[in-house]
**Q** 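Input: one structure, supplied below.
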Amino acid sequence: MAFAGKYEFEGDENYDDFVKKIGLPSDKIEMGRNCKIVTEVVQNGNDFTWTQHFPGGHTTTNTFTIGKEADMETMGGKKFKATVKMEDGKIVADFPNYRHTAEICGGKLVEISTTSGVVYKRTSKRIA
């Protein structure tokens, strides 16, 4: 599955319930609400650089290889180690308190994070 490209936030579902459940601080919750995040994915085979550009200049970058442990960072800024997998064309990563998947559906980047029965879905349209 080809993930490479640049994607702009288009919409989300269950943002508030999800971020409260994972314990994101209120200032980060407000910063992320309806945030026009631009996600840039560089893919070279199983090697990925996944960068999220937030308004105001904040950027988070995770670099990983499918099947190998990598140093990662959550959207709240916490650092951790994870082994990112590919399952049925989806990128799957277990973050400290949620499971995150990403896939391309109809040319859009669809990311789903799940914790304790709460499912957060973010859809981004391809812009490059």
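For this chain, numbers begin at 1 and follow the sequence in order.
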**Q** Once rounded to the nearest 0.5 Å, what's the spacing between atom CD1 of Ile37 and atom OG1 of Thr60?
**A** 9.0 Å
**Q** What closest approach, in Å, do Ala4 and Gln43 show between heavy atoms, and which atom pair accounts for it?
**A**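 Smallest interatomic distance, heavy atoms only, reads N-OE1, 3.8 Å.
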**Q** On a heavy-atom basis, which atom in Arg126 and which in Gly107 lie closest, and how many Å separate them?
**A**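 Residues Arg126 and Gly107, closest heavy atoms: CB-O, 3.6 Å.
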**Q** Between Asp94 and Lys85, which heavy-atom pair has the shortest distance, and what is it?
**A** OD2-NZ, 4.1 Å
**Q** Rounded at 0.5 Å granularity, tell me how far NZ in Lys78 sits from CG in Leu24.
**A**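 Those atoms lie 8.5 Å apart.
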**Q** Please give me the minimum heavy-atom distance between Gly89 and Phe3, naming the atom from each residue.
**A**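 Nearest heavy atoms, Gly89 then Phe3: O-CZ, 3.5 Å.
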**Q** Using every non-hydrogen atom in the two residues, find where Val92 and Glu87 come nearest and quote the distance to one decimal.
**A**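 The answer is CG2-OE1, 3.7 Å.
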**Q** Does the plane of the ring in Trp50 sit parallel, tilted or perpendicular to the ring in Phe64? Use 30° and 60° as the thresholds.
**A** tilted
**Q** For the pair Phe18 and Tyr98, name the ring-plane relationship: parallel under 30°, tilted 30 to 60°, perpendicular over 60°.
**A** perpendicular
**Q** Within a reach of under 6.0 Å around CG of Asp27, are more than 12 heavy atoms found that belong to other residues, nucleotides or ligands?
**A**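 Atom CG in Asp27 is packed in, count exceeds 12.
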**Q** Measure the spacing between CZ of Arg122 and CD of Glu111 and express it to the nearest 0.5 Å.
**A** 4.0 Å
**Q** Please assess Phe48 against Val42 for the test side-chain contact (heavy atoms from CB on, under 4.5 Å), listing each intermediate value before the final yes or no.
**A** CA-CA 6 Å; Phe48 288 81; Val42 176; over 6 Å; no
**Q** Nearest 0.5 Å, what's the CE-NZ distance between Met72 and Lys79?
**A**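 Spacing of CE (Met72) from NZ (Lys79) equals 11.5 Å.
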**Q** Cluster question for you: counting only ILVMFWY and a side-chain heavy-atom cut-off of under 4.5 Å, with indirect links fine, are Val41 and Phe95 together?
**A** yes
**Q** I'd like to know if the side chain of Asn97 pairs up with that of Thr115 as donor and acceptor (distance under 3.5 Å, no hydrogens or angles considered).
**A** no
**Q** Identify the two heavy atoms, one from Asp16 and one from Ile29, that lie closest to each other, and give their separation to 0.1 Å.
**A** OD1-CG2, 4.1 Å
